[in-house]
Amino acid sequence: MENKRYSIAIDGPSGAGKSTIARAAAKELNFVYVDTGAIYRTVGCQARRLGADPCDAEAVAALLPGLDITMAYGDDGLQRMYLNGEDVTEEIRLPEVSMYASRVSAVPAVRAFLLEMQRDMARKHSVIMDGRDIGTVVLPDADLKIFLTASPEDRARRRYEELVKRGTPQDFDTLLKEIRERDYNDSHRAAAPLRPAEDAVLLDTSGNTFPQSRDQILTIIRERLGL
Ligand code: DC
């Protein structure tokens, strides 16, 4: 008999620690971790490179036919992103690309373009997929849905510390403002706004250390899926 494939959807606002927590949980369970934000970032990256106005839905949609996005997993388990064959894994993390990604992700044609790519991953592997609309749109039949959040201040602080560690520090207040702006954009857009699925388990990681959040999520997963 074929092994059952599990799908776990993790949604929530930016900076809640979704990717770090989801990646650690996937490693522990031997699931594939899919960072869907990185896919939207790759579209944003192309818009930025070509000077397309990311708020102009038609201009953004016009980029799609020339866009080949692929991903691959390194030996370290890290998801690398390729844009028309070029590795853009680092470039998509630039702060300017974050804003482009947020804008292009509001374009329905972009969401439709990326939908099958995401579903395909869940058909082929046991996945922990993180994003904004995984439990509501991409994998409505996921075995488990988790909505992971934290206060804006907590998220800005984590982002601040991450950037200091990377050697590219940024002003805390600017980061907080950007996080609030992106939250607003992500949850007020007409296409697949950020919201918890009705059957999602809510997990607020404010004030948690990383090991606490990781252990909490693993407990939820094991209890719910009987693993
Ligand atoms: O998770 P992230 O910050 O890397 O995501 C980048 C942008 O992509 C963010 O503004 C929201 C958007 N996004 C989305 O609309 N749907 C997803 N499933 C994942 C990300």
Side-chain angles (χ1 to χ4, degrees), residues 7-23 26 33-48 54-55 57 60 63-64 67 69 71 78-81 83 88-122 127-140 142 145-150 152 154-156 158-160 162-163 166 170 175-197 200 205:
S7 54
I8 300 173
I10 302 189
D11 292 302
S14 52
K18 287 192 308 292
S19 56
T20 330
I21 297 166
R23 188 183 305 123
Y33 164 62
V34 185
D35 172 3
T36 64
I39 311 176
Y40 284 94
R41 283 172 179 272
T42 306
V43 180
C45 184
Q46 178 75 334
R48 176 170 172 264
C55 299
V60 172
L63 300 173
L64 299 175
L67 198 61
I69 298 180
M71 46 196 200
L78 284 187
Q79 174 182 318
R80 302 204 72 84
M81 296 304 306
L83 168 59
V88 290
T89 312
E90 267 82 47
E91 186 174 338
I92 61 170
R93 297 295 154 194
L94 291 175
E96 306 90 279
V97 176
S98 301
M99 202 44 88
Y100 270 85
S102 176
R103 299 290 185 202
V104 300
S105 67
V107 177
V110 171
R111 308 203 71 84
F113 181 77
L114 300 181
L115 189 61
E116 269 315 298
M117 181 177 179
Q118 298 169 77
R119 288 188 174 158
D120 198 46
M121 287 301 287
V127 292
I128 296 191
M129 191 174 287
D130 99 37
R132 304 294 190 283
D133 61 340
I134 309 305
T136 50
V137 178
V138 179
L139 304 176
K145 301 174 187 178
I146 296 173
F147 195 83
L148 200 121
T149 186
D154 221 75
R155 292 186 277 136
R158 285 183 204 161
R159 181 82 186 124
Y160 177 81
E162 192 183 309
L163 289 170
R166 269 195 209 168
Q170 279 196 32
L175 289 172
L176 182 58
K177 187 170 154 278
E178 279 175 8
I179 280 193
R180 291 209 158 107
E181 224 174 284
R182 280 215 281 154
D183 278 1
Y184 187 88
N185 291 343
D186 293 348
S187 55
H188 285 79
R189 66 187 179 203
L194 172 66
R195 63 177 175 82
T205 64

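Computed from heavy atoms alone, side chains included, the values below leave out hydrogens, waters and symmetry copies. We count ligands from 1, going down the list as the structure has it; atoms in each ligand are counted the same way. Numbering starts at 1 and runs along the sequence shown.
- Scanning the protein heavy atoms around atom 8 (O) of ligand 1, the nearest turns out to be Tyr40 CB, 3.5 Å.
- Judged by distance alone, the side chains of Tyr100 and Arg41 never bring a donor and an acceptor atom under 3.5 Å apart.
- For ligand 1 and Asp186, the ligand atoms under 4.0 Å from any heavy atom of the residue are 9 (C), 10 (O), 11 (C).
- Side chain of Arg119 to backbone of Leu139: no donor-acceptor contact under 3.5 angstrom is found.
- Among all non-hydrogen protein atoms, the one lying nearest atom 9 (C) of ligand 1 is Arg132 NH2, 3.5 Å.
- If you check which protein heavy atom lies closest to atom 7 (C) of ligand 1, you get Ala101 CB, 3.8 Å.
- Of all protein heavy atoms, the one lying nearest to atom 20 (C) of ligand 1 is Gly37 CA, 3.6 Å.
- Closest to atom 12 (C) of ligand 1, if we only count protein heavy atoms, is Ser105 OG, 3.5 Å.
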Next on the checklist: Would Glu178 and Arg182 count as a salt bridge (charged side-chain N to carboxylate O under 4.0 Å, His left out) here? Give the steps.
Outcome noted: CA-CA 6 Å; Glu178 279 175 8; Arg182 280 215 281 154; over 6 Å; no
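- A donor-acceptor pair under 3.5 Å is absent between the side-chain atoms of Lys18 and the main chain of Asp11, judged by distance alone.
- By the criterion of a heavy-atom distance under 4.0 Å, the side chain of Arg189, and not its backbone, is placed next to ligand 1.
- When each atom of ligand 1 is checked for a heavy atom of Ser102 under 4.0 Å away, the hits are 10 (O).
- Counting atoms of ligand 1 from 1 in the listed order, those under 4.0 Å from a heavy atom of Arg182 are 3 (O), 9 (C), 10 (O).
- Scanning the protein heavy atoms around atom 19 (C) of ligand 1, the nearest turns out to be Thr36 OG1, 3.4 Å.
- For atom 16 (N) of ligand 1, the closest heavy atom belonging to the protein is Arg111 NH2, 3.0 Å.
- No side-chain donor-acceptor contact under 3.5 Å links Ser14 and Arg159.
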Item to check | Step-by-step side chain to side chain donor-acceptor pair (under 3.5 Å) determination, Ser102 to Arg189 | outcome: CA-CA 10 Å; Ser102 176; Arg189 66 187 179 203; over 6 Å; no
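- In summary, the atoms of ligand 1 found under 4.0 Å from a heavy atom of Gly131, numbered by their order in the structure, are 17 (C), 18 (N), 19 (C).
- In this structure, the protein non-hydrogen atom closest to atom 4 (O) of ligand 1 is Arg41 NE, 2.6 Å.
- For the atom pair Ile10 CD1 and Ile21 CD1, the distance stands at 8.0 Å (nearest 0.5 Å).
- Between Thr205 and Arg158, the side chains place a donor N or O and an acceptor N or O closer than 3.5 Å (distance only, hydrogens not considered).
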